[in-house]
Amino acid sequence: MKNEKKPELLKFSMRLKELRKESGLKQIQMAEILKCTWSHYQKIEYGQINISIIMLMDIADYFNVTTDYLLGRSDQRNEM
């Protein structure tokens, strides 16, 4: 049970990876944008760690999506 990834983290990591790839960015570029190390970003994208609220908002702002979309609470990318 200890090594199991939480479904919420998996949904977030899947959406983050999808958005990054749609934008044509590499993981190292995302790490630079978020001002973190490449290994830290990898752990975020692989669903291995939680992120701060500030980083969540930075990601949402960068990709122009809602935090609910990133978190898998909505399938709608933008607010109406």
Side-chain angles (χ1 to χ4, degrees):
M1 183 85 172
K2 187 176 184 180
N3 291 329
E4 282 186 37
K5 294 178 184 175
K6 297 197 179 258
E8 297 86 356
L9 284 177
L10 290 175
K11 185 73 165 185
F12 170 76
S13 64
M14 179 190 76
R15 290 200 167 167
L16 177 58
K17 182 177 183 177
E18 177 184 293
L19 289 166
R20 175 182 61 79
K21 287 189 168 200
E22 284 176 8
S23 296
L25 297 168
K26 298 195 179 298
Q27 287 182 340
I28 190 75
Q29 293 170 304
M30 279 304 301
E32 291 169 1
I33 290 164
L34 297 173
K35 297 175 179 65
C36 66
T37 65
W38 171 67
S39 62
H40 185 79
Y41 179 78
Q42 271 191 318
K43 289 177 184 175
I44 295 168
E45 195 170 286
Y46 296 159
Q48 296 173 340
I49 59 172
N50 285 311
I51 62 170
S52 71
I53 293 170
I54 300 298
M55 188 176 281
L56 176 65
M57 291 187 304
D58 288 345
I59 293 168
D61 290 346
Y62 183 83
F63 289 114
N64 194 31
V65 296
T66 64
T67 54
D68 278 352
Y69 175 77
L70 284 170
L71 296 172
R73 297 172 59 105
S74 170
D75 288 331
Q76 186 174 323
R77 286 187 177 200
N78 304 92
E79 294 181 53
M80 295 185 119

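Position 1 is the first residue of the sequence, and the numbers go up from there.
Here the side chains of H40 and I44 are in contact, with some heavy-atom distance below 4.5 Å. Using a 4.5 Å cut-off on side-chain heavy atoms (C-beta onward), Q27 and M30 make no contact. At a threshold of 4.5 Å between non-hydrogen side-chain atoms, the residues L56 and F12 count as touching. Looking only at side-chain heavy atoms (C-beta outward), R20 and I59 stay at 4.5 Å or farther from each other. Inter-residue side-chain proximity for L70 and L19 is flagged as met; some heavy-atom pair is nearer than 4.5 Å.
Once rounded to the nearest 0.5 Å, the distance linking OH of Y62 with CG of L25 reads 4.5 Å. The distance from atom CG of D58 to atom OG1 of T67, rounded to the nearest 0.5 Å, is 12.0 Å. To the nearest 0.5 angstrom, S39 atom OG is 10.5 Å from Q48 atom CD. The CD atom of Q29 lies 10.0 Å from the OG atom of S23; values are rounded to the nearest 0.5 Å. A distance of 10.0 Å separates NZ in K35 from CE in M55, rounded to the nearest 0.5 Å.
In this structure, R77 contributes its side chain and V65 its backbone to no donor-acceptor pair below 3.5 Å. A donor-acceptor pair under 3.5 Å is formed between the side chain of N78 and the backbone N or O of N64.
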Open item on the list: Run Q76 and T66 through side-chain contact (heavy atoms from CB on, under 4.5 Å) and show every step you take.
Closed with: CA-CA 8 Å; Q76 186 174 323; T66 64; over 6 Å; no

For this session: May I have the step-by-step check of side-chain contact (heavy atoms from CB on, under 4.5 Å) for W38 and K26, ending in yes or no?
Result: CA-CA 10 Å; W38 171 67; K26 298 195 179 298; over 6 Å; no

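The one candidate from I51, I28, L16, I33 that meets the side chain to side chain contact (heavy atoms under 4.5 Å, CB included) condition with Y41 is L16.
Nearest heavy atom pair, residue S13 against residue G47, reads CB-N, 3.6 Å.
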